[in-house]
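Single-structure report; data block below.
Bear in mind that the values here come from a model prediction, so they are computed numbers and not experimental data. First the proteins, then the strands, lettered A, B, ... as listed; each starts at 1.
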Amino acid sequence: MKKVYITTAIDYANGKPHIGHAYEKILADTISRMFRLQNLDVQFMTGLDEHGLKVSQSAAKAGVSEQTHCDNIAEDFKKLCKKLNIKYDRYIRTTEDEHKQVVRDCLQKLYDGGQIYKASYSGLYSKTAERFVLEKDKIDGKWPSDYGEVIEISETNYFFRLREHQQWLIDYIESHPKFIFPDFRAKQVLEFLKDPINDLCISRPKNRLTWGIELPFDSEYVTYVWFDALINYITGANYLDKTFTNYWPADFHIIGKDILVPAHAIYWPIMLYALGIELPTTLLVHGWWLISGEKMSKSAGNIVNPLECVEKFGVDAFRYYLMREMTIGQDSDFSFDRFMTRYTSDLANDLGNLVSRLLNMGHRYCDGIIGKVIKTDVAEDNLQKLWQSAIPEIISLYNEFAFHLALEKLFLCIKAVNAYVEDRSPWKLAKSNVEGHKQLINTTIAISAECVRLAAVLLSPVMPTTSQQILSFLGCPATTNWNADAKFGNLLAGSKLREQVILFPKIVEA
RNA sequence: CGCAGGGUAGAGCAGUCUGGUAGCUUGUCAGGCUCAUAACCUGAAGGUCGUUGGUUCAAAUCCAACCCCUGCACCCA
């Protein structure tokens, strides 16, 4: 009865949504949908990380309260999800009462168990940047100008014991090859763990920062934002409730490579271990989108607004591009040129045009009704065999998160339908009076329609709306179950075809 | 320095884990077709798979060494 529990990282409430946020959500959504189509009960959660210094600073800059600031950002991100057709089951915010309670509960448990201790330390502190800095931050022996005055201060804080669990963590990662995907990321973590790790400072004194969750055992401090943020995963699984085991352990934490080390591969497993909670099954680590070869970052200011693309080309085209171009784990380059090429050649010319010509032929030669497959020959057999062998391969590629390969394969099959239609040339058959040609036309249309139906069914996780549209053109309901729908059959006989439709109009000017 | 990733037709990428005729898209050239979104189909040209060595009957793939590019302060998926 346990659900498949899938999470994205929660977005930090500091700045606007960009392509990276969009990608992670689309990836998680695609995975969720693909599991649902295989009859799994999915719980998909995303959300917002709202505490910490940066949020406090952004709010001050905008001249609003922290909570108002977060409410606004939450709206932005929820809008993004809606635009991208992200079907999450829960949207968590770290300012929710339930979450605060879970964080305090965990802190108290760790404190009682001796996993948290108080210590003082001193270091160099930048008053302007409001954080500790290191000697190595100096450029040419001088502090960067935006650090302002740098002074030595000493501070007392609470620390969470990481180091004593280091060997346990190494053993755990080595004995659980599925824990970090793809494999090379695990290697990276193990490299990191070759050096001793420091205990984690999990508090901030209120004289520096008040925007956080107060420590349950010391009201002079708030909780460090990462400690707070990571706990969202168990809050979202109803940690305080009996139903916790319906969700936990999480099956997939979907995260970017930047927050693997140390947050998700070091802090989080040790936190859970120290709390006596089972670890998530898999950290699914994706790469970054570069923008025309350059690293995308807030500071560089080259943020591609995903919403712009969506409005111009449609959400499914955008989802298709991201899933088709990215090899999970690697970085990938986003360029409008390539987006246009994918849009035009894959979506408009191959898929869209196939749908368009099929509908038109159906009306022109078969009165808009799909006939029965009566007469088949080598051409039909070959096409059918191609699809029959491709379907399980595509599904298993999906299950391995190799979406780029699944889509490549699927579009090769779509091309094969175009070639098959060319081979049969119903427009020629229609001109002749030869016995049996009418049947052959019916067969061609029926087989092609069946292939288009399958294409729509298999595209559903990536392009849910398009999938549903295509199916409705063929007189079918949306697919909800691959076991039933992802099979080559003759399910469409008697179905009424819709009038010709342009699914992906050519967009002349980029 | 170290660690990680990448280096495959003009361009952009996959394939490398699990060795066996080098694949996809785009671009170019030549044909075909006209149902269709100036779309579709067929064929051709184009690669010493970064370099050198090793293992093997067989290496893009495994091993070793080296070269080049990228990332590794904060922020950021």
Closest nucleotide among [options] to the [X] side chain:
X        : options             : value
A:His21  : B:C3, B:U26, B:A77  : B:A77
A:Leu405 : B:G15, B:A4, B:U37  : B:G15
A:Arg357 : B:U25, B:A36, B:A77 : B:A36
A:Tyr365 : B:U25, B:U42, B:C35 : B:C35
A:Ser356 : B:A36, B:C75, B:C24 : B:A36
A:Lys428 : B:A77, B:C24, B:U34 : B:U34
A:Asn14  : B:C75, B:U42, B:U25 : B:C75
A:Lys506 : B:A39, B:A77, B:C3  : B:A39
A:Arg342 : B:U37, B:A77, B:U25 : B:U25
A:His404 : B:A77, B:U37, B:A14 : B:A14

Sticking with atom [atom1], work out how far [N] lies from [M], rounded to a whole angstrom.
N     : M     : atom1 : answer
B:C29 : B:U34 : C1'   : 22 Å
B:G23 : B:C33 : C1'   : 27 Å
B:A39 : B:A45 : C1'   : 25 Å
B:C62 : B:U16 : C1'   : 10 Å
B:G6  : B:C13 : C1'   : 12 Å
B:G19 : B:A59 : C1'   : 6 Å
B:U61 : B:G20 : C1'   : 11 Å
B:U55 : B:C63 : P     : 15 Å

Pairing partner (Watson-Crick or G-U wobble, both distances under 3.5 angstrom) of [N]:
N     : answer
B:C49 : none
B:C74 : none
B:C33 : none
B:A60 : none
B:G5  : B:C69
B:U26 : B:G10

Scan [X] against the nucleic acid and name what it touches under 4.0 Å (heavy atoms): base, sugar-phosphate only, or nothing.
X        : result
A:Lys187 : sugar-phosphate
A:Thr327 : sugar-phosphate
A:Ile259 : sugar-phosphate
A:Phe184 : sugar-phosphate
A:His286 : base
A:Ala348 : base
A:Gln330 : sugar-phosphate
A:Ile254 : nothing
A:Thr341 : sugar-phosphate
A:Asn418 : sugar-phosphate
A:Leu359 : nothing

Taking the six-membered ring for Trp, are [X] and [Y] parallel (under 30°), tilted (30 to 60°) or perpendicular (over 60°)?
X        : Y        : answer
A:Tyr343 : A:Phe504 : perpendicular
A:Phe334 : A:Phe336 : perpendicular
A:Phe401 : A:Phe181 : perpendicular
A:Tyr23  : A:His286 : perpendicular

Quick one: [X] [atom1] to [N] [atom2], roughly how many Å, whole number?
X        : N     : atom1 : atom2 : result
A:Tyr320 : B:C24 : OH    : C1'   : 11 Å
A:Met340 : B:U26 : CE    : P     : 14 Å
A:Phe403 : B:G15 : CZ    : C1'   : 19 Å
A:Arg324 : B:C13 : CZ    : C1'   : 8 Å
A:Leu440 : B:C35 : CG    : C1'   : 15 Å
A:Asp350 : B:A38 : CG    : P     : 15 Å
A:Asn349 : B:U34 : CG    : P     : 20 Å
A:Leu230 : B:A77 : CG    : P     : 13 Å

Exercise for review: May I ask you to verify whether the side chain of A:Asn353 and the base of B:A39 hold a donor-acceptor pair under 3.5 Å?
Suggested key: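 When only heavy-atom distances are counted, A:Asn353 does not reach the base of B:A39 through any donor-acceptor pair under 3.5 Å.
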- Message: For a quick check, tell me whether the side chain of A:Glu422 and the base of B:G32 share a donor-acceptor pair closer than 3.5 Å.
- Response: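 Counting by modelled atom types and ignoring angles, a donor-acceptor contact under 3.5 Å is found here.
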| request: Ignoring backbone atoms, establish whether A:Arg338 has a side-chain N or O less than 4.0 Å from OP1 or OP2 of B:A11. | output: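 Result: no.
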Review point. Is there a side-chain polar atom (N or O) of A:Lys194 under 4.0 Å from OP1 or OP2 of B:C3?
Key: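 Looking at the OP1 and OP2 atoms of B:C3, neither is under 4.0 Å from any side-chain N or O of A:Lys194.
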Exercise. Can you tell me how far CZ of A:Phe473 sits from CD of A:Gln468, rounded to the nearest 0.5 angstrom?
Worked result: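 Answer rounded to 0.5 Å: 10.5 Å.
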Using the benzene-type ring in the case of Trp, are the ring centres of A:Tyr5 and A:His253 under 6.0 Å apart?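 No; A:His253 has its ring centre 6.0 Å or more from that of A:Tyr5.
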Can you give me the closest heavy-atom contact between A:Leu48 and A:Phe77, atom names plus distance?
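Nearest heavy atoms, A:Leu48 then A:Phe77: CD1-CD1, 3.9 Å.
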* Kindly give the heavy-atom pair with the smallest separation between A:Cys413 and A:Ala390, and that separation in Å. =>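 That would be SG-CB, 3.5 Å.
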Taking the nucleotide of RNA chain B with the nearest heavy atom to each, does A:Gly256 or A:Asp183 sit closer to the 5' end?
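The answer here is A:Asp183.
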Handout entry: Pairwise 5' ranking along RNA chain B for A:Gly287 and A:Asn360, keeping only the more 5' one
Key =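 Its nearest nucleotide lies further toward 5', so the answer is A:Asn360.
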Check your understanding: Looking at A:Asp49 and A:Arg93, does any basic side-chain N land under 4.0 Å from a carboxylate oxygen?
Key ->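 Salt bridge flag = no for A:Arg93 with A:Asp49.
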A:Trp226 vs A:Leu200, test: side chain to side chain contact (heavy atoms under 4.5 Å, CB included). Steps then yes/no. CA-CA 10 Å; A:Trp226 260 121; A:Leu200 176 66; 5.8 Å; no
